[in-house]
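To keep things clear, I will list the structure first and then write my remarks on it.
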Amino acid sequence: MNEEIKKFADAIEECNYIVFFGGAGVSTESGIPDFRSTDGLYNQKYKYPPETIVSHSFYMNRTEEFYEFYKDKMLAPNAEPNAAHKKLAELEERGKLKAVVTQNIDGLHQKAGSKEVLELHGSVHRNYCTKCRKFFGMDYIVHSDGVPTCDECGGLIKPDVVLYEEGLDSNIISRTVNHISHADMLIIGGTSLVVYPAAGLIDYFKGKYLVVINMAPTPRDKNADILINGKIGEVFSQIK
Ligand code: NAD
């Protein structure tokens, strides 16, 4: 175990209000590509950049193309939690970790057993008819042909995912701010910290240990008390 990981393990033992703030990099070891790594979605070739496709106006105006990309690239029905998701759930079970705040929409933290999961950008597991509000799970979207419509009223279905140009849920934001401002350790992991307003929420942290675990450098590396450059699943698998 390297020195920084040892420091991280010791700090976990000392802390009792740990909050995790993560992004797409948490799920790459589960086989879901992130946006900005070299094999991420930004470096694959599409007719439009991913942030254009997963935007509100694109969803409204080019619904068919939106769903083509969304089903192909954003849904991973067979993905399983990795060591990072599992360790975070275990730390919550032990009473050490109080919340996972995630920009991910894949539901893997809940699949690993985490309870207090604040999904800043929603979830692919929740989908609603825009006309009658009927709920649909991910399977309905996966097995639909083309644009999914409601089996009751024929209305267009929208994933409960925060698209570019859309606002964040105020209740999720206030719960996130509350947890982060009470935390004695904030672990930032697997995120480039470039998507706002989500990334700005970490400014509420005033606790003892700011930990950053990421493959690529982030804008908060310079503020970190513990900085680990590596794969987050591999790092967490070394923590007892
Ligand atoms: P990002 O793609 O901008 O950044 C991912 C970061 O994670 C990069 O800095 C990369 O170096 C790092 N990383 C990749 N694999 C890693 C690993 N195994 N261990 C440690 N670090 C690793 O992702 P972002 O900051 O979350 O922003 C992208 C947006 O896209 C988010 O808002 C999110 O909602 C969405 N998104 C979600 C998923 C998902 O739900 N799994 C996947 C792709 C994109």
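For the single chain, residues carry numbers from 1 onward in sequence order. As the structure lists them, so they are numbered: ligands from 1, and atoms in each ligand from 1. Since the model is a prediction, treat every value here as computed from it, not as a measurement.
- The ligand atoms of ligand 1 that sit less than 4.0 angstrom from a heavy atom of Gly23 are 26 (O).
- Distances from atom 5 (C) of ligand 1 to the heavy atoms of Thr28, Asp106, Asp34 put Asp34 nearest.
- Nearest-residue assignment for atom 37 (C) of ligand 1 (options Asn104, Asn214, Val212; heavy-atom criterion): Asn104.
- Shown in contact with Ala24 at under 4.0 Å from a heavy atom are these atoms of ligand 1, numbered in order with element: 23 (O), 24 (P), 26 (O), 38 (C), 42 (C), 43 (C), 44 (C).
- Under a 4.0 Å criterion applied to the non-hydrogen atoms of Gly230, ligand 1 contributes the atoms 19 (N), 20 (C).
- Considering each of Ser192, Ser27, Ala84, the one bringing a non-hydrogen atom nearest atom 6 (C) of ligand 1 is Ser192.
- No more than 12 heavy atoms of other residues, nucleotides or ligands shown are found within 6.0 angstrom of CG on Asp145.
- Residues Gln103 and His121 have side chains that never bring a donor and an acceptor to within less than 3.5 angstrom of each other.
- Contacts between Pro33 and ligand 1, counted as non-hydrogen atom pairs separated by less than 4.0 Å, involve the backbone only.
- In terms of N/O distances under 3.5 Å, ligand 1 is approached by Met215.
- Exactly one of Phe69, Tyr164, Tyr48 qualifies for a ring-ring contact (aromatic ring centres under 6.0 Å, His included) with Phe58. That residue is Tyr48.
- Separation of the Tyr59 and Phe66 ring centroids falls under the 6.0 Å cut-off.
- Compare Ile105, Thr102, Leu108, Leu120 by their heavy atoms: the one nearest to atom 40 (O) of ligand 1 is in Ile105.
- Considering backbone and side-chain N/O of Lys231, none are found under 3.5 Å from N/O of ligand 1.
- Residue nearest to atom 32 (O) of ligand 1, selected from His121, Glu51, Glu119: His121 (by heavy-atom distance).
- Side chain of Asp184 to main chain of Lys208: no donor-acceptor pair is present (N/O by atom type, distance under 3.5 Å, no hydrogens or angles).
- Judged by distance alone, the side chain of Glu165 and the main-chain N or O of Ser57 form a donor-acceptor pair under 3.5 Å.
- Per-residue contacts place Ile32 under 4.0 angstrom from the following atoms of ligand 1 (heavy atoms of the residue considered): 41 (N).
- With sequence neighbours excluded, the residues forming a side chain to side chain contact (heavy atoms under 4.5 Å, CB included) with Ser192 are Arg36, Val194, listed by chain and number.
- Two rings, from Tyr128 and Phe135, have their centers less than 6.0 Å apart.
- Within ligand 1, the atoms closer than 4.0 Å to a non-hydrogen atom of Phe35 are 2 (O), 28 (C), 29 (C), 30 (O), 43 (C), 44 (C), numbered from 1 in the order shown.
- Close approach of ligand 1 to Val195 (heavy-atom distance below 4.0 Å) involves ligand atoms 27 (O).
- With a 6.0 Å radius and a threshold of 12 heavy atoms from other residues, nucleotides or ligands, Glu93 has its CD atom at or below the threshold.
- Listed by number with element, the atoms of ligand 1 under 4.0 angstrom from any heavy atom of Gly190 are 5 (C), 6 (C), 7 (O), 21 (N).
- Between Tyr67 and Tyr70, the ring planes lie perpendicular to each other; the angle is over 60°, past the 30° to 60° tilted range.
- For ligand 1 and Ala216, the ligand atoms under 4.0 Å from any heavy atom of the residue are 9 (O), 11 (O).
- Residues Glu13 and Lys240 are not paired through a salt bridge, judged by the lack of any N-O separation under 4.0 Å between the basic side chain and the carboxylate.
- Taking only non-hydrogen atoms, the option from Gly25, Ser123, Gly107 nearest to atom 13 (N) of ligand 1 is Gly25.
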